[in-house]
Amino acid sequence: MAADVPEFAIGSADIESIVLEAEPVGPWIFILRLTEEKLKAYHAFTTDHRDSEISLVVLGTEIYRPMIAAPVNENPLTFRMMEKERFLAILTAFTKEPE
């Protein structure tokens, strides 16, 4: 990740639920429902970085680099991925997280 791109990290404790939709060919879809506290933090982060590119990191893997046009305050967050390797890396990270 470039040093000038702000990063927002999401850990397992920040996620209330996750839905994964996968087919043999992409896109692969993550639907994350954040805790109320983390959603508030994401809203503040996207407010502070409006009109900027950010890096969204889930369990140590960058999953998305959106341009923030407006503050985000909605749950769940939905991400479509075209890179199978990145999708599998996130799945692997989830299986390594303690319950």
Side-chain angles (χ1 to χ4, degrees):
M1 181 183 81
D4 58 339
V5 177
E7 178 182 295
F8 188 82
I10 298 172
S12 61
D14 302 320
I15 300 169
E16 286 185 355
S17 66
I18 183 168
V19 175
L20 307 172
E21 297 178 10
E23 298 288 333
V25 294
W28 296 276
I29 300 171
F30 283 93
I31 302 170
L32 300 175
R33 179 167 295 281
L34 301 178
T35 62
E36 185 176 333
E37 181 178 327
K38 195 64 171 184
L39 183 61
K40 287 179 183 176
Y42 189 53
H43 176 74
F45 184 83
T46 56
T47 298
D48 291 346
H49 295 94
R50 187 176 181 160
D51 299 322
S52 300
E53 180 182 42
I54 67 163
S55 172
L56 188 60
V57 177
V58 176
L59 301 177
T61 300
E62 182 182 71
I63 66 166
Y64 199 45
R65 274 203 177 196
M67 282 295 291
I68 302 301
V72 178
N73 196 32
E74 295 181 14
N75 237 345
L77 307 176
T78 302
F79 307 97
R80 288 167 181 79
M81 302 179 74
M82 295 304 296
E83 297 176 39
K84 185 176 184 178
E85 293 77 20
R86 188 174 288 180
F87 181 81
L88 293 174
I90 295 169
L91 288 179
T92 301
F94 273 110
T95 62
K96 291 180 182 177
E97 288 290 316
E99 292 185 23

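Residue indices begin at 1 and follow the sequence shown. The basis for the numbers below is simple: all heavy atoms, side chains too, and nothing from hydrogens, waters or symmetry mates.
A heavy-atom distance below 4.5 Å is not found between the side chains of Phe8 and Val57. Using a 4.5 Å cut-off on side-chain heavy atoms (C-beta onward), Ile15 and Ser17 make no contact. Side chains of Asp51 and Met67 form no contact here, defined as non-hydrogen atoms less than 4.5 Å apart.
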> Ile18 and Arg33: side-chain contact (heavy atoms from CB on, under 4.5 Å), yes or no, with the steps?
Replying inline: CA-CA 6 Å; Ile18 183 168; Arg33 179 167 295 281; over 6 Å; no
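To the nearest 0.5 Å, atom CD of residue Glu53 and atom CG of residue Leu56 are 12.0 Å apart. Note that CG of Leu88 is 11.0 Å distant from OG1 of Thr61, once rounded to the nearest 0.5 Å. Asp4 contributes atom CG, which lies 11.0 Å from atom OG of Ser55 (distance to the nearest 0.5 angstrom). With values rounded to the nearest 0.5 angstrom, Leu20 atom CG is found 8.0 Å from Leu32 atom CG.
Linking Ile, Leu, Val, Met, Phe, Trp and Tyr whenever their side-chain heavy atoms come within less than 4.5 Å puts Tyr64 and Met81 in one cluster.
Residues satisfying the side chain to side chain donor-acceptor pair (under 3.5 Å) criterion with Glu36, sequence neighbours excluded, are Lys40.
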Can I get a per-line list of side-chain donor-acceptor pairs under 3.5 Å for residues 71-80, giving both atom names and the distance, sequence neighbours left out?
residue	atom	partner	partner atom	Å
Asn75	OD1	Leu34	N	3.0
Asn75	ND2	Leu34	O	2.8

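Between Phe45 and His49, the angle of the ring planes lies from 30° to 60°, which puts this pair in the tilted group.
Using modelled atom types, no side-chain atom of Trp28 and backbone atom of Glu21 make a donor-acceptor pair closer than 3.5 Å.
For the residue pair Glu16 and Thr35, no side-chain donor N or O sits within less than 3.5 Å of a side-chain acceptor on the partner.
Val5 and Arg65 get closest at one heavy-atom pair: CG2-NH1, 3.7 Å. Between Gly11 and Asp14, the shortest heavy-atom contact is N-OD2, 2.7 Å.
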